[in-house]
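Just so it is clear, the values below take in all heavy atoms, side chains as well, and ignore hydrogens, waters and symmetry mates. Start at 1 and go down the list; that is how both ligands and their atoms are numbered.
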Amino acid sequence: MTGDSNMNFNVLNRTCKLVVLLCLLHITVTFFFYVRSSATPLGFRSPQSHRNVLRYGQDRAEAGSPGTDAQEAGKKQGEAAEESRDQEEKQDQKLEKCPETSPLLVGPLRVEFNIHVSLDQIKKDNPNIQYGGRYKPKDCEVLQKVAIIIPFRNRDEHLKFWLYYLHPILQRQQLDYGVYIINQDGDETFNRAKLLNVGYMEALKEYDYNCFVFSDVDLIPMDDRNTYRCFEQPRHLSVSMDKFSYRLPYNQYFGGVSSLSKDQFLKINGFPNNYWGWGGEDDDIFNRLSFKGMSISRPNGEVGKCRMIRHNRDKQNDPNPQRFDRIAHTRDTMDKDGINTLSYRVLKTEKLDLYTKITVDVGKP
Ligand code: BGC
């Protein structure tokens, strides 16, 4: 009896041990496969693969497409990711150059200043403008990168109208552009041309611009065929202003709105820095261009029509009495005064929704 029960006990003991061992083995094998599956590339996705999986894999996998087993889903995911990469590559290659003349242009525009405009409304009307006043067409490759430089002081009302009219026009012109408001700090005499030089320098710190449009804040084109870009020769854009009864005041007039490529700008050593107060700096620029053998290109009088917002003369911007003398000496001064001698201090840079505002100390006369 004792011998039998001893034997039974031994059998039971061994069976229990075997069961425990089997359990341990089962747990180990399960754990091994668990760790291995979470260490697959899907477990540690790179941002790139994550992007593809999110777009093409995850939503499908989460939806649990019926009848698709894990292997098939994985295969499909891989194929979809590859397909997406191909599509992206093709799209990059496919992007055609923007046409010389944008097909979005509408021609003559109605421009009036007796309406209410607000920055909020402008923002809503132009949802594609990026922070800092930047825009780039999505469906074609641009021909030029254009920085629009506006010399500024205390003209917020005018700026609102400028943004209201110009942002839609510039987008229709299919430009890759940025708007830079160069705000002269303090209340010393205004220096338009020096602010334009500052705009050139500061815009280039931000993006590889190859064309610069220099515009007064109070001038609005009346036709979107007047493209704010650069041409073979320096361009004068504000050729028929309402202020001058839609005519050029004189043949050499280069004021208001003009555009110069980076090369054209550098060829004339930028603009003069020593024209304080109103007038003469645009004539100096004209002289610089002609001394370097360039001519002025212009749109025709119909396309070049523009309106100026009426205003009183700004404080600290009286006509500069030295301007006649300065203009007479451009040939001698242009290499000694320009972008090569520019000095200023940036006090503040504000990236706003519709433009970038750079406040600068440009010194005094
Ligand atoms: C001034 C220019 C100005 C033009 C038109 C000229 O006498 O020198 O700076 O743009 O008049 O007002």
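Taking the six-membered ring wherever Trp is involved, the centroid distance between the rings of Tyr250 and Phe286 does not fall below 6.0 Å. Annotation: Phe271 is in aromatic contact with Phe214 [ring centroid separation under 6.0 Å].
Figure legend: Arg134 and Tyr207 shown as a cation-pi pair, the cationic atom lying under 6.0 angstrom from the six-membered ring centre and within 45 degrees of its axis. Relative to the six-membered ring of Tyr209, Lys262 misses at least one condition, a distance below 6.0 Å or an angle of at most 45° to the axis.
Across every non-hydrogen atom of Gln184 and Glu188, the tightest pair is NE2-O, 3.6 Å.
No more than 12 heavy atoms of other residues, nucleotides or ligands lie within 6.0 Å of CD in Glu302, so this atom counts as exposed by the packing criterion.
Sorted by chain then number, the residues whose non-hydrogen atoms approach ligand 1 to under 4.0 Å are Phe244, Tyr250, Tyr253, Trp278, Gly279, Gly280, Asp282, Asp283, Arg323.
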